[in-house]
Amino acid sequence: MIIELYKSISSGLKAVKNCKIYREDVPQNFKIPSFLVTIYEQNPTRGINGRLKNEVNMDILYFPEKKGEAELQEECWNVGQALTRGFVVPGFKIKNRNLKIEDNILHFMFDVDYREFLEDTTPTMQTMLENTRIKEE
């Protein structure tokens with residue numbers, strides 16, 4: 001399910017700003033502007049009948065193009081506003097959106113709630129054999 005979450009987040013980010021998107025790791029010669037999608041906490045809880053409720057805390061970092069200090073801040077705030085207004089993750093529920101800028105990098109943090117159902121394939125009952133050839137006396 002995490003792979004589907006990454007794919008949905010990636011399509012949501014592309015809709016807001018079309019730039020390179022990295023997952024969990026920044027390669028040595030990464031291109032800017034770009035996004036880095038990371039999970040920093042995950043809280044799974046068990047439910048009834050094999051259901052699993054999962055809350056995932058995401059941090060999306062935005063690395064702006066190299067410019068002056070004021071331009072970096074302005075670009076980060078503009079992308080942050082676009083993310084808070086237009087970012088959606090198809091198929092998932094987003095809550096607790098938060099923005100901050102540290103070291104000229106935008107951090108867009110949010111939580112994603114979703115439920116999984118793990119199908120149990122073990123049979124619940126054995127098959128019953130009927131004997132219909134009963135002699136009455």
Side-chain angles (χ1 to χ4, degrees):
M1 193 64 143
I2 292 295
I3 302 300
E4 288 86 12
L5 177 60
Y6 278 123
K7 288 178 183 177
S8 293
I9 288 173
S10 184
S11 68
L13 290 173
K14 289 281 187 187
V16 172
K17 183 166 177 72
N18 193 10
C19 62
K20 187 75 176 157
I21 299 170
Y22 299 101
R23 188 176 99 185
E24 298 292 339
D25 188 29
V26 177
Q28 193 164 15
N29 293 319
F30 78 104
K31 299 183 186 321
I32 54 174
S34 63
F35 289 106
L36 172 65
V37 180
T38 60
I39 294 177
Y40 64 89
E41 192 172 2
Q42 187 172 5
N43 300 317
T45 54
R46 289 244 172 243
I48 301 172
N49 294 335
R51 287 189 174 91
L52 180 70
K53 181 182 180 214
N54 213 343
E55 182 177 321
V56 180
N57 305 104
M58 305 294 298
D59 186 8
I60 296 178
L61 287 78
Y62 174 70
F63 299 93
E65 294 183 54
K66 293 184 187 261
K67 297 179 184 175
E69 183 74 25
E71 289 86 7
L72 284 170
Q73 291 285 324
E74 184 178 350
E75 183 180 353
C76 283
W77 284 122
N78 288 338
V79 171
Q81 280 184 335
L83 286 170
T84 55
R85 291 179 182 158
F87 178 70
V88 291
V89 180
F92 294 92
K93 179 182 177 186
I94 296 178
K95 63 181 189 176
N96 302 331
R97 297 174 188 234
N98 189 10
L99 291 173
K100 71 178 176 179
I101 296 176
E102 286 182 352
D103 299 326
N104 294 325
I105 296 170
L106 172 70
H107 292 263
F108 178 59
M109 296 167 285
F110 58 90
D111 301 333
V112 177
D113 283 342
Y114 66 90
R115 295 183 191 272
E116 288 184 68
F117 179 73
L118 302 175
E119 188 174 344
D120 189 11
T121 57
T122 58
T124 55
M125 292 182 63
Q126 295 178 349
T127 57
M128 187 173 98
L129 298 174
E130 289 183 44
N131 187 359
T132 58
R133 291 185 234 140
I134 300 175
K135 292 183 181 180
E136 291 187 31
E137 293 182 39

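Numbering starts at 1 and runs along the sequence shown.
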CA sep, side-chain torsions, deciding dist, call: E55, V112, side-chain contact (heavy atoms from CB on, under 4.5 Å): CA-CA 6 Å; E55 182 177 321; V112 177; over 6 Å; no
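- Annotation: K14, atom NZ; neighbour count of heavy atoms from other residues, nucleotides and ligands within 6.0 Å is above 12.
- Between I21 atom CD1 and K7 atom NZ the span is 13.5 Å, to the nearest 0.5 Å.
- With hydrophobic clusters built from ILVMFWY side chains whose heavy atoms lie under 4.5 angstrom apart, F110 does not share a cluster with V88.
- Contact between V56 and Q42 at its shortest, heavy atoms only, is CG2-CG, 4.0 Å.
- Pairs engaging residues 41-62 under the ring pair (Phe, Tyr, Trp, His ring centres under 6.0 Å) rule: F35-Y62 [sequence neighbours left out].
- L13 is listed as a side-chain neighbour of V37, based on a closest heavy-atom distance under 4.5 Å.
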task: Starting from the C-alpha separation in whole Å, work towards a yes-or-no answer on side-chain contact (heavy atoms from CB on, under 4.5 Å) for R23 and I9.
output: CA-CA 10 Å; R23 188 176 99 185; I9 288 173; over 6 Å; no
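- Across P64 and L72, no two heavy atoms sit closer than the pair CG-CD2, 3.5 Å.
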task: Give the intermediate values and the outcome of side-chain contact (heavy atoms from CB on, under 4.5 Å) for residues L5 and V89.
output: CA-CA 8 Å; L5 177 60; V89 180; 4.2 Å; yes
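- Atoms CG and CD, from L106 and Q73 in turn, are 10.0 Å apart once rounded to the nearest 0.5 Å.
- From M109, atom CE reaches atom CG of N98 across 4.5 Å, with rounding to the nearest 0.5 Å.
- Taking SG of C76 as the start and CZ of F63 as the end, the distance is 10.0 Å to the nearest 0.5 Å.
- Rounding to the nearest 0.5 Å places CD of E71 at 11.5 Å from CG of N78.
- Listed by first then second residue, pairs satisfying side chain to side chain donor-acceptor pair (under 3.5 Å) with a partner in residues 105-115 read N54-Y114, N57-D111, D59-H107, K95-D113, N96-D111, not counting sequence neighbours.
- Counting all heavy atoms, side chain and backbone alike, R97 lies closest to T84 at NH1-O, 3.5 Å.
- Minimum interatomic distance between V16 and A82 (heavy atoms only, all atoms of both residues): CG1-CB, 3.6 Å.
- Partners of E102 according to the side chain to side chain donor-acceptor pair (under 3.5 Å) rule, which considers only residues two or more places apart in sequence or in another chain, are K100.
- The heavy-atom pair separating C19 from S34 by the smallest distance is SG-CA, 3.9 Å.
- Expressed to the nearest 0.5 Å, how far CG of L99 lies from CD1 of I60 amounts to 10.5 Å.
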task: Take I94 and F87 through the side-chain contact (heavy atoms from CB on, under 4.5 Å) test and state the conclusion after the steps.
output: CA-CA 10 Å; I94 296 178; F87 178 70; 3.7 Å; yes
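- Annotation: E74, atom CD; neighbour count of heavy atoms from other residues, nucleotides and ligands within 6.0 Å does not exceed 12.
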